[in-house]
Amino acid sequence: LLSVFRFSTINGIPDSSINDPSFHRTHNRCNVDERRVLTELSDLFQLSHINTTIPLYPYKESYPVKQIESRDVDEFLLPEEKLRGIFLQKLRGRTAIENALSNVSVELSIDLIAKVVDRGNLGGEAMVLFFNWAIKQPGIPRDAHSYYIIIRALGRRKFFEFMIQVLHDMVKDGVKPNLETVSAVMDSFIRARRVHKALDMFENLEEFGLTPDTESLNVLLLCLCRRTHVGAANSLFNAVGGKIKFNCVTYNVMVSGWSKLGRVSEMERTVKAMIADGFTPDCSTFSYLIEGLGRAGQIDDAVEIFDHMKEKGCIPDTRVYNAMISNFISTQNFDECKKYYKALLESNFDPDLDTYTKLISAFLKSQKVADALEIFEEMLVQGIVPPTGSLTSFIEPLCSYGPPHAAMMIYKKARKFGCQISLNAYKLLLKRLSRFGKSGMLLNLWDEMQESGHTSDMEVYEYVINGLCNIGHLENAVHVMEEALRNGFCPSKIVCSKLNNKLLAANDVDKAYKLFLKIKDARRNENAQRYWRSNGWHF
């Protein structure tokens with residue numbers, strides 16, 4: 001810090017220039033900049049005990065001295081970000097890293113561990129080191145679910161060596177892997193197109209305290225069919241025939257795999273083998289058959305199978321009706337969709353989330369908004385609350401055509417029934433309302449978004465400012481722009497130019513000039529921050 005004072009711009013100034021008024025303005029700005037730099041350096045190097053006092057005028061003792069208060073540099077970070085930030089410090093040695101993790105003031109839980117390893121950009125070694133430290137902390141159970149979290153996270157990022165290492169450590173610690181853990185390992189290999197690794201894992205299950213039985217075989221077949229490796233699944237199915245006993249689930253998994261590809265002959269062959277093995281096809285088998293026939297374009301055969309299900313002693317359930325509805329959606333035959341939907345309502349089974357999602361999405365895609373709204377209201381009345389992603393998928397097509405009335409109806413009904421609405425859904429609605437100049441609805445929606453816990457970002461401010469400019473509410477637009485600048489967001493040049501041109505057209509030159517100066521300062525700070533971060537300085 002002494003070098004900073006030695007080469008400071010406040011030294012070596014003649015006494016005659018101090019009395020100049022222009023010097024006071026320039027010197028105050030330089031002094032503030034130096035104070036900010038010294039504060040950041042003291043926080044960065046943890047020099048809180050060092051006196052960073054800077055006299056305003058070093059050659060005059062009559063000026064008071066101001067102390068710069070130190071602040072917590074990570075007060076704005078989330079708990080998982082604080083823990084991940086330890087690995088950014090490049091500490092040497094496991095002991096140093098574990099001590100730094102222990103000094104982080106967070107309440108550790110299994111959910112927080114999942115957030116740390118599932119997000120961010122930690123490497124495999126860092127993830128394993130963090131998990132080994134976390135599993136030793138009090139309150140963290142050393143069970144199969146805890147190991148499943150780290151194994152799944154490592155598999156998703158293709159850190160296979162570390163994943164197998166954790167699996168071996170799990171066995172050494174006396175924790176037996178369950179089928180969920182085995183499924184995570186096999187699915188990670190298959191998703192990375194390393195099918196042979198998954199097959200080797202199945203053959204070597206005894207190393208991890210498991211045996212290659214029917215349940216583990218079903219898990220591997222399900223992972224293969226889910227990732228469309230049906231050929232490999234069929235080869236394994238034929239290879240282990242006679243060595244491992246099959247059950248009804250085994251045959252249903254194979255039928256579902258061929259159903260995704262529309263291979264009718266293979267489905268029929270598997271069903272015949274299922275019957276020959278002494279198993280009776282159930283509703284899952286028929287639903288897969290109907291879906292496969294639909295993908296093959298044989299809708300009439302699917303209808304015939306559906307009509308003869310009761311004769312074979314199998315009453316169609318919700319999954320079978322969903323398969324029939326999906327087939328007619330693919331052919332754009334919405335009358336038949338409504339027919340099977342009403343038949344489902346009259347049966348002993350109730351529609352599920354999959355039923356409503358398929359119908360609403362199909363109606364919205366075909367711009368049958370009235371039918372979609374009717375089905376959506378019936379879904380809410382039945383007590384089925386759509387998840388956040390499904391609700392966003394309903395709002396998105398409505399914000400691509402027509403006025404925002406229908407999208408706002410879905411939003412209001414969903415909010416009335418307690419549905420959780422995502423930030424993306426709010427942005428879609430704000431953008432649509434801004435385009436149509438609905439300022440009142442726009443501001444109300446913005447308030448409701450903030451009440452629901454979402455914070456405004458750059459896009460939200462731009463949509464609000466643009467909507468207010470479209471209807472001529474320039475004063476409110478200026479207030480929103482100033483709020484965005486105070487919160488550290490500098491809207492795009494297009495939005496800023498639009499508001500500036502509107503103010504100039506309204507002969508409000510003074511307000512336009514003041515706003516221009518604020519935007520100029522914000523743009524300069526934004527460019528400086530971008531330069532800092534490009535060089536690794538995260539001030």
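A donor-acceptor pair is defined here as one N or O able to donate and one able to accept, closer than 3.5 Å; such a pair exists between the side chain of Ser287 and the backbone of Cys283. The main-chain N or O of Asp350 is found under 3.5 Å from a side-chain atom of Thr318 such that the two form a donor-acceptor pair. Thr392 places a side-chain N or O within 3.5 Å of a backbone atom of Thr388 that can act as its donor or acceptor partner. Put simply, the side chain of Asp317 never gets that close to the backbone of Phe349: no donor and acceptor are under 3.5 Å apart. In this structure, Asp213 contributes its side chain and Ser216 its backbone to a donor-acceptor pair below 3.5 Å. Of the possible polar contacts, one joining the Ser361 side chain to the Thr357 backbone as a donor-acceptor pair under 3.5 Å is found. Side-chain N or O atoms of Asp187 include none that pairs as donor or acceptor with a backbone N or O of Ser183 at under 3.5 Å. Checking side-chain atoms of Arg432 against main-chain N and O of Cys399 turns up a donor-acceptor pair under 3.5 Å.
The closest side-chain donor-acceptor pair between Asn333 and Asn327, if any, does not fall under 3.5 angstrom.
Residues Phe130 and Val117 come closest through the heavy atom pair CD2-CG1, 4.0 Å. Between Ile395 and Ala425, the closest heavy-atom pair is CD1-CB, 4.0 Å. Val271 approaches Pro281 most closely through the heavy-atom pair CG1-CG, 4.3 Å. The minimum heavy-atom distance between Ala362 and Ile329, with the atom names listed, is CB-CG2, 3.7 Å. Closest heavy-atom contact between His454 and Ile421: NE2-O, 2.9 Å. For the residue pair Ile384 and Pro351, the shortest heavy atom distance occurs at CD1-O, 3.5 Å.
The environment of CG in Leu345 is crowded: more than 12 heavy-atom neighbours from other residues, nucleotides or ligands sit within 6.0 Å. Counted within 6.0 Å of NZ on Lys368, heavy atoms from surrounding residues, nucleotides or ligands total 12 or fewer; the atom is thus considered open. Under a cut-off of 6.0 angstrom, the local environment of CG in Asn103 is crowded, with over 12 non-hydrogen atoms contributed by other residues, nucleotides or ligands. More than 12 heavy atoms of other residues, nucleotides or ligands shown are found within 6.0 angstrom of CD on Gln450. Other residues, nucleotides and ligands contribute only 12 or fewer heavy atoms inside 6.0 Å of the NZ atom of Lys197.
Under a 4.0 Å N-O distance rule, the pair Asp457/Lys427 qualifies as a salt bridge.
In this structure, the side chain to side chain contact (heavy atoms under 4.5 Å, CB included) partners of Pro141, at least two apart in sequence or on a different chain, are Asp143, Ser146. For Tyr147, the ring pair (Phe, Tyr, Trp, His ring centres under 6.0 Å) partners are Phe131, not counting sequence neighbours. For Arg142, the salt bridge (Lys or Arg N to Asp or Glu O under 4.0 Å) partners two or more places apart in sequence, or in a different chain, are Asp173. With sequence neighbours excluded, the residues forming a side chain to side chain contact (heavy atoms under 4.5 Å, CB included) with Glu268 are Val264, listed by chain and number. Considering only residues two or more places apart in sequence or on other chains, Glu374 meets the side-chain hydrogen bond (donor to acceptor under 3.5 Å, both in side chains) condition with none of them. Under the rule for a side chain to side chain contact (heavy atoms under 4.5 Å, CB included), the partners of Val249 that lie at least two apart in sequence or sit in another chain are Asn218, Asn247, Val253. Partners of Thr280 by side chain to side chain contact (heavy atoms under 4.5 Å, CB included), not counting sequence neighbours: none found.
Considering OG1 of Thr181 and CG of Leu167, their distance stands at 7.5 Å, rounded to 0.5 Å. Remark: Ile86 CD1 to Leu91 CG distance equals 7.0 Å, nearest 0.5 Å.
Within the structure, side chain to side chain donor-acceptor pair (under 3.5 Å) pairs that include any residue of residues 154-171 do not occur (at least two apart or interchain). Sequence neighbours left out, not one pair with a member in residues 294-313 passes side chain to side chain donor-acceptor pair (under 3.5 Å). For residues 325-346, the salt bridge (Lys or Arg N to Asp or Glu O under 4.0 Å) pairs, not counting sequence neighbours, are Glu336-Lys339, Lys338-Asp371. Residue pairs satisfying the side chain to side chain donor-acceptor pair (under 3.5 Å) criterion with at least one member in residues 118-137, sequence neighbours excluded, are listed as follows: Ser102-Trp133, Asp118-Arg152.
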**Worked verdict on Phe286 versus Phe306 for ring pair (Phe, Tyr, Trp, His ring centres under 6.0 Å)** = CA-CA 8 Å; Phe286 284 107; Phe306 178 83; 9.9 Å; no
**Item:** Chi angles and distances behind the side chain to side chain contact (heavy atoms under 4.5 Å, CB included) call for Phe87, Leu129
**Value:** CA-CA 10 Å; Phe87 295 93; Leu129 179 58; 4.1 Å; yes
**Step-by-step side-chain hydrogen bond (donor to acceptor under 3.5 Å, both in side chains) determination, Tyr251 to Asp277** = CA-CA 10 Å; Tyr251 287 101; Asp277 205 2; 2.8 Å; yes
**Asp111 vs Lys115, salt bridge (charged side-chain N to carboxylate O under 4.0 Å, His left out): CA-CA, chis, key distance, verdict** = CA-CA 6 Å; Asp111 294 333; Lys115 291 180 181 178; over 6 Å; no
**Prompt:** Are Ser366 and Gln332 close enough, and set up right, to give a side-chain hydrogen bond (donor to acceptor under 3.5 Å, both in side chains), and what steps lead you there?
**Reply:** CA-CA 9 Å; Ser366 301; Gln332 299 291 314; 3.1 Å; yes
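The shortest side-chain heavy-atom distance between Leu445 and Met449 does not fall under the 4.5 Å cut-off. Within the 4.5 Å cutoff, side-chain heavy atoms of Pro386 are placed close to those of Phe376. For the pair Leu83/Glu80, no side-chain contact is recorded, criterion being any heavy-atom separation below 4.5 Å from C-beta on. Residues Tyr461 and Trp446 form a side-chain contact, since some pair of their non-hydrogen atoms from C-beta on lies under 4.5 Å apart. Looking at heavy atoms from C-beta onward, Met127 lies in side-chain contact with Phe159 at the 4.5 angstrom threshold. In this structure, Pro177 and Met170 have side chains that are in contact, with non-hydrogen atoms separated by less than 4.5 Å. In this structure the side chain of Pro212 never reaches within 4.5 angstrom of the side chain of Leu220, judged on heavy atoms. Val230 places none of its side-chain heavy atoms less than 4.5 Å from the side chain of Lys260.
Taking the six-membered ring where the residue is Trp, the centroids of Tyr426 and Tyr411 are separated by under 6.0 Å.
With Phe202 as the fixed residue, the side-chain contact (heavy atoms from CB on, under 4.5 Å) test singles out one of Leu221, Leu217, Val219: Leu217. Looking at Tyr340, Phe328, Phe363 one by one, the single match for ring-ring contact (aromatic ring centres under 6.0 Å, His included) with Phe334 turns out to be Phe363.
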For residues 231-245, tabulate all N or O donor-acceptor pairs below 3.5 Å that involve a side-chain atom, not counting sequence neighbours.
| from | atom 1 | to | atom 2 | distance (Å) |
| --- | --- | --- | --- | --- |
| Asn234 | OD1 | Arg269 | NH2 | 3.4 |
| Ser235 | OG | Gly231 | O | 3.1 |
| Asn238 | ND2 | Asn234 | O | 3.2 |

